[in-house]
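First up is the structure itself, then whatever we jot down about it.
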Amino acid sequence: MISLIRATTHSLMLISVLLTPFAALANDLLTLNIKGVKGSLARNVEAHLGALPDSEVQRRAFIFNAEDNINAAMHSMGYYNSKIKQEFITKDKGPWLLNYVITPGLPTTVRWIDIQVGGELRDDVLFEQWLAQLSIRPGDRLNHGVYEKLKAQLLTLSLARGYFDGKFEKAEIEVDRDYNSAKIALHYNSGKRYHIGQVTFTGHTLQPEILQELIPFDIDAPYSTGNLGQLNRQLLDTGYFSNIKVLPLVEQVDGLLVPIRVDLSPKPDHSIELGLGVDIGNTVDNSIEPRVRVTWRTPQINSYGHSQETTAEWAPDRPKFLTTYTIPLSHPLDDQLKLRVGMLRDKYGVTQVYDTEDKKFKNTGQLESSKMLFAVIRQQRLGHQWILNYSAEVMKESYTQSGIDYDPRFVLLGANVSKTSRGDNSLDPKSGFLQYYSLEFADPSLGSEVRLARFQAKFKWIETFFDKHRFVSRLDLAANLTNENNLAEIPPSLRYFAGGDQSIRGYSYNELGPSIDSVNDDGDLVREVVGGRYLMVGSIEYQYYVTPNWRVATFVDAGNAFDVNQIEAITSVGAGVHWISPIGPVKFDVGVGLKETDTISRPWRIHITMGAEL
């Protein structure tokens, strides 16, 4: 027997009659006034009485049943000795008048709570957790709604854990009106726990072994809706299906084994998604840059689960084309081979020419590059939420630096591991931690222009205190190890720059880093930010929730990309307003740089971003 037993003495405090009416309801047939109750008790009385009548027949029925309904409302909230005084006035013309004055009396308190569970549920860890978190205690005011909720929770837990033969042997409230006390008894026999039987899939064209790999439990595992929910999530994450129904066939039980049928509806063979947007705060001249993106997806190409995603993006100076072909290997989600082909143009840093008349540098553009790539990537999910990628990438990048054209080719062998932990599964988690580590290597013997080793590490930490105070911090570290004579041969996409909404706000995207001076064909002095061999950028942000969906923020970003002979720390500060939308946070931030550099006067930037931080 599992029971909670405690004797309590009666409170001698009297409950005064409140003479202010909680409701004065009226229509053309009846005016109703009720005095003596307030708050939840008043709302419960109103709910039991229901809507006012809209015909003479309903009016008579309403008046006839009103006192019984009020008594039922008082009883359900634990008031068994209440007194009701009725005043009823009929009129030849106009609505009749019905007045009630309620004296609640002393409430009934719970003296004894007896919960007994037999069968295998008694030793179930989730039942022990449910029992430990019960809020009802001896001495509480009796509330029939709480009692019914208690019964429903126990029954729901039993069914969710596979105790399909469970039943209440005793479920009652025993009230002693003389002493204003009550005893609650819930005796439940769960019987034996059922197990998961054979899982069958319908409505698909995949090889059977692909779906079998997605089953996250063993056949004959103890039944639980949690296991079935996990199977549903696995199937959803594949991207193959538009509709998924996981159905336990309880009526087809074989012994204690419950067969599971999964009805699947495949997604359309092809889908095209169009996206329109703008970049704000990520250009050197702080202009608004439009973007158009078209994404073509084929979620299932063949019965082996191959898929492809192709994205074409247009921006005035940053067009991009990227296609990825995905092949499931030993597991459709946990082990995948990705073949990637891409072509893109991008801009980096700042390019300036010295104006001899004004005696200062003026912006003339940025370092531009065009890149082609082909990559083979294997992605695996390891234990404890770690994700491992190892890859081979062939890339060729063309750019002009200091008046010299370069088009180096690199073959990069790389590996990276990452782990993201979230305190919850929302798009705006209250806590979490991201860590990412990467290593890449290139060598002339493998087909690269020069020898290069690249190391990167990224961290992000989120924590919320007292529900409203949220802190977000991040740290980015990186290094390129190569001979100093080879620096110009390292393409811009492999160097490190700082600036932008994910780096140092207040500066535009990738505009910070070491610079070099040269003389162009016209004899003008040219200064270019060309990026660095090293990167160190950190940020701390404080966010305060004004409402559950709106918050204000303030932040400090610091660091830079640098070389051994050019180390210049940059700091920016700012503030913002964030809206927690149904599709993720939308952030409006204003950043102000605190320091001028050789190529940038003290700037400020508006950054508008959308999406989860982890």
Side-chain angles (χ1 to χ4, degrees), residues 279-286 289 317-318 346-352 361 363 365-369 399 401 434 436-438 440 452 454-461 472-482 487 490-517 527-541 555-574 576 587 589-609 613:
D279 263 353
I280 300 175
N282 276 341
T283 58
V284 172
D285 57 2
N286 211 21
E289 186 176 84
D317 299 306
R318 292 183 172 93
D346 210 341
K347 289 186 173 185
Y348 303 86
V350 180
T351 300
Q352 297 179 324
F361 283 93
N363 291 352
Q366 295 177 268
L367 177 60
E368 299 182 11
S369 77
Y399 55 97
Q401 180 177 306
L434 163 73
Y436 170 90
Y437 309 93
S438 172
E440 294 176 293
L452 171 67
R454 307 182 76 233
F455 302 90
Q456 295 183 76
K458 299 180 180 181
F459 307 92
K460 179 173 280 190
W461 172 73
V472 179
S473 62
R474 55 181 166 82
L475 177 64
D476 295 341
L477 305 171
N480 280 352
L481 304 183
T482 188
L487 293 181
I490 307 298
S493 66
L494 298 182
R495 305 172 196 168
Y496 301 111
F497 297 82
D501 52 47
Q502 300 300 313
S503 181
I504 302 178
R505 286 162 284 189
Y507 299 86
S508 65
Y509 176 68
N510 279 351
E511 77 171 330
L512 295 175
S515 62
I516 60 174
D517 293 342
R527 177 167 289 168
E528 296 174 287
V529 173
V530 296
R533 282 183 282 178
Y534 308 100
L535 177 72
M536 180 182 294
V537 172
S539 174
I540 181 73
E541 180 168 333
F555 56 84
V556 178
D557 303 331
N560 207 347
F562 57 93
D563 280 334
V564 175
N565 59 344
Q566 284 192 9
I567 301 176
E568 186 175 18
I570 301 294
T571 303
S572 72
V573 298
K587 298 184 287 186
D589 294 323
V590 178
V592 179
L594 299 184
K595 186 176 182 180
E596 296 184 358
T597 70
D598 289 341
T599 54
I600 302 167
S601 59
R602 181 173 173 175
W604 65 276
R605 289 288 186 274
I606 295 174
H607 299 279
I608 299 177
T609 57
E613 288 171 302

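- Residues V529 and E511 share a closest heavy-atom pair of CG1-O, 3.7 Å.
- Between the OH atom of Y534 and the CG atom of L477 there is a distance of 13.5 Å, given to the nearest 0.5 Å.
- Between the side chain of R527 and the backbone N or O of S515 there is no donor-acceptor pair closer than 3.5 Å.
- Minimum interatomic distance between I540 and S473 (heavy atoms only, all atoms of both residues): CD1-CB, 3.7 Å.
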Apply side chain to side chain contact (heavy atoms under 4.5 Å, CB included) to the pair R605 and S508, showing each step before the final yes or no.
-> CA-CA 7 Å; R605 289 288 186 274; S508 65; 3.6 Å; yes

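- A salt bridge does not link K458 to D476: none of the charged nitrogens lies less than 4.0 Å from a carboxylate oxygen.
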Given the rule in the side chain to side chain contact (heavy atoms under 4.5 Å, CB included) test, do Q366 and D317 qualify, once you have shown the distances and angles that lead to the verdict?
-> CA-CA 10 Å; Q366 295 177 268; D317 299 306; over 6 Å; no

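- Under a 3.5 Å cut-off, the side chain of R495 and the backbone N or O of I490 do form a donor-acceptor pair.
- Just one of Q401, E368, E528 meets the side-chain contact (heavy atoms from CB on, under 4.5 Å) condition when paired with T351; it is E528.
- Rounding to the nearest 0.5 angstrom, the gap separating the CD atom in Q456 from the OH atom in Y436 is 5.5 Å.
- Taken to the nearest 0.5 Å, the NZ atom of K347 stands 13.5 Å off from the OH atom of Y509.
- Within the model, atoms CZ of R533 and CG of L452 stand 11.0 Å from one another, a figure rounded to the nearest 0.5 Å.
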D501 and D589: side chain to side chain contact (heavy atoms under 4.5 Å, CB included), yes or no, with the steps?
-> CA-CA 9 Å; D501 52 47; D589 294 323; over 6 Å; no

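- When all heavy atoms of F455 and L481 are compared, the pair lying nearest together is CE1-CD1, 3.3 Å.
- To the nearest 0.5 angstrom, R474 atom CZ is 8.5 Å from E541 atom CD.
- Under the 4.5 Å side-chain criterion, counting only non-hydrogen atoms from C-beta, T482 is in contact with L487.
- In terms of heavy-atom proximity, A561 sits nearest to A498 at N-CB, 4.0 Å.
- For Y348 and Y496, the gap between ring centers reaches or exceeds 6.0 Å.
- Shown here for I504 and I570, the closest heavy-atom pair between the two residues is CD1-O, 4.0 Å.
- Of all the heavy atoms in L367 and P492, the pair that sits closest is CD2-CG, 3.7 Å.
- Interatomic distance, D517 CG to F361 CZ, rounded to the nearest 0.5 Å: 5.5 Å.
- Residues forming a salt bridge (Lys or Arg N to Asp or Glu O under 4.0 Å) with K587 (at least two apart in sequence, or on another chain): E613.
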